[in-house]
Amino acid sequence: MANPTEKPEPIPSKPKLEPKDEREELEDINGEEEEEEEYEDEDDGKPRTREDAIADRIKAESLFRRMRETPVAVRVHDVIVKGNEKTKDHVIEAEVDVLRQATTLQELLKASNVANFNLKALDIFDAVKITLDSGPPELPGTTNVVIDVVESKSPFIGQVGTFTKAEAKSSSLEGSLKYKNIFGYGDIWDGSLAYGCDHSTEVGLGMSLPRFRGRPTPFTSRVYLSTQDWLKFSSYKERALGLSLGLIASKYHELAYNIAWRNLIDPSQTASRSIRRQLGHNLVSALKYTFKFDQRNSSLRPTRGYSFISTSQIGGLAPDSRTLRFLRQEIDLRYAVPLGFYRAALNFGVAGGITFPWGSEYKSKASCIPERFFLGGNISPVCSLGGPSALWGFKTRGLGPNEPRREVQDDESCDTYERDFVGGDVAVTAFADLSFDFPLKWFRDRGIHGHVFACAGNMAELSENKYRNFTASKFLQKFRSSVGAGIVVPTSLFRMELNYCHILKKQEHDRAKSGFFMTFSTSS
Amino acid sequence: MEGDQETEVYTLVARKPSFDLPTACPNCLPAYIYLKLAQLPFELAFNSTFPDSDELPYFESGTYVAYNNEDGGVIEKLKKDGIVNLDLQLQSLPEYLSLKALIVSWLEEALTYEIWVGTEGISTTKIYYSDLPWVISKVLFYKQTYLAKNRLGITKENAEQREKQIYKRASEAYEALSTRLGEQKFLFEDRPSSLDALLLSHMLFIIQALPVTSVLRCKLLEHSNLVRYAEKLKSEFLEASSSSPSPPLHSFPSSFPRKSSKPKSKPKVEKTEEEKKFKKRARFFLAAQFLAVVIYVSVMGGGSSEELEYEDEDD
């Protein structure tokens, strides 16, 4: 419980009764249930009289009245950390640096909130309590901040969840085991196993540090071994052994560096020409910058607000010119308009992306297949913020440039697709979605709602001199589109949609048909 | 590429050229030479990022692909699928089978040993890893060396013994082939066969890609008729440009450097019929141009020439 100090008086007795708003604020600082406070005077063993209680109450009320009317000047003299046996002092003090900048009591209370949140976000403490104590008597107007932490008793923690990672292009189910704070620097080590809807698996070992060499943002590093199986759609499997470093991670900006040994193989030996040419080993050394501004009220069912995300990637950042050289840019813009009845909202979204190799003879070089864009899949465009990826009604990698596979005289192959989808260097998608609650309360209580949607998208190749054949009119002419309606069922792990899609326009060889489809999406 | 139909062009996808060879990979060179011996027009494409793949080389035409790890190799697959078969009526000959067994077992073993162990992989960087970053090429080099040793059955205990055995077998094979060949142009009758492709590629690789200090190279150079055989076939089938539409990729040395791996003499390029035709036409064009200029000067500039004569008379 925070003890407000009053200049030039020494510590007043802790008030029993407080105005409601300040009481709530003070409760928030500790994040725990409020406990009955005991008067200091009880330490003397003397019973408090009714007059003492009234005097304390009057003092507290006058203090809070003062706080509401004018700023109460105060200065933080010292920050005392208690309860940390393993965690280094400087790790905790770095997270509560905001307290030292407060110059008034009001600012100090707000800063205490922030500091409490920051310490909890380290994920290495079971409990955090911040107390404002009076400063030394010879220094009036000062306060000491006492931070009591309770370190996690059990450093191991297991988690299972669904995520949408930046590297993966679809949702994944992930199980992870974390070991927290081994060295006392707030370090968290984790091993994880993820299985994605796009037939990908990933085994990873990660480490994150809240601070690294005095940097203001957390530092994360992750070593991973991943495989993505695209045999059914594009006749290749992708294996990667890599290291990714999260260099900057703030509310709007994210900068990460990734170096990976990537291998494309075709165990089925049925790949089409373009895929065959790209089988082999590559070293990817790429820097990725993401700017994300998400003012929507929800990422799974946005009904108000807008968001913008821009992702830029440059590959080939290595002294060795034989690393994969590419440029990639994606943007995604969303806007949600509330309609005011049955919690209805109109969602609009436009996304685009382009990728191109760079270096000598870049115009005639082929862009790397894994860096290209692929549209289609069982994720909902409403939830997949991050670039052109999903279209209702179109199967995974189900549209765009495609090539015939190798002819095989085996009868068993008659059920498999005959064409490989090789992806596009430029992709554009757009969608409009009207979501609304059902009249029945049963559905509303569970968040089950309905939606009507329309979407369109297209891709084209530009590399290998194909940009010469690219024209905007031809690109627009070949736009695919679909409309539909469905029911959205949010669960604790993901958002499920059961939709009926009608394909308005598709091209030859596209894997899309009108009918019922289910999509599974997680918050991105 | 949506809905486009590929044109029916034959393409051989192999590893990159080096050491003045059209493809420096000892597994890809036989297929290349086989197609050249068969005088089948084809294009050459490269894959330089998959050194540990057994699919290379592969032959493609439209949606037809013949991988090297199927049906006994590219050459056997091309024979089986009726694309090109140089071994008609030869395959049943007992001599054919015994020579084939000699080449694909003892000589191939010797070559594998010499590349990865005998010369410690000194040539492998240019053959396999020239387009791969250092980290990947190092790891793959160790992997491929390990696999080669496994395939050859070499362990720490039997390394010396196995080396002697491999070199001894190679010597015996060269002796047998030299005796069999004599001064003939081809191994069988008067026509090329797939065994000529295999032997020629083996020899070209050893002479041009392996260092001078290579034991196997020295053993091969002892048989001068084999060397002459290789030189003759190379100049006739490889240095002459193919009838395929693509231009020749490299010019090859006409004589083998006996002492060093780098050719000292400047490479001579035999003129092909096409080049002769082109030069003839160029001469006609130049002559026509000259004639046009002369006619122009004489007809249009007749006054000035008279003035010149007049000046000459003064002198």
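Sequence lines set the chain letters: A, B, ... in the order given, protein chains first and strands last, and positions in each chain run from 1. Atom set for the values below is all heavy atoms of this structure, side chains included, hydrogens, waters and symmetry mates excluded.
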- Task: Check whether B/Thr11 gets within reach of chain A through its side chain, its backbone, both or neither, counting any heavy atom under 4.5 Å.
- Result: side chain

- Message: Under 4.5 Å from any heavy atom of chain B, what part of A/Asn469 do you find: side chain, backbone, both or neither?
- Response: neither

- Could you walk me through whether B/Tyr10 and B/Phe59 pass ring pair (Phe, Tyr, Trp, His ring centres under 6.0 Å), step by step? CA-CA 7 Å; B/Tyr10 295 132; B/Phe59 178 89; 5.3 Å; yes

- Message: Less than 6.0 angstrom separating the ring centers of B/Phe42 and B/Tyr32, yes or no?
- Response: yes

- Task: Check whether the ring centres of A/Phe421 and A/Phe374 lie less than 6.0 Å apart, and answer yes or no.
- Result: no

- Which atoms of B/Val65 come close to chain A, meaning under 4.5 Å heavy atom to heavy atom: side chain ones, backbone ones, both, or neither? both

- Item | Basic-acidic side-chain contact under 4.0 Å: A/Glu461, A/Arg372 | yes

- Message: At under 4.5 Å between heavy atoms, what parts of residues 119-126 of chain B are in contact with chain A? List them by residue number.
- Response: none

- Using the ring pair (Phe, Tyr, Trp, His ring centres under 6.0 Å) rule, take A/Trp261 and A/Tyr224 through it: C-alpha gap first, then chi angles, then the decisive distance, then the call. CA-CA 11 Å; A/Trp261 175 347; A/Tyr224 62 90; over 10 Å; no

- Is the side chain of A/Arg406 donor-acceptor paired with the backbone N or O of A/Gln269 at a distance under 3.5 Å, no angle test? yes

- Assess the pair B/Tyr128 and B/Trp116: is the distance between their ring centroids shorter than 6.0 Å? yes

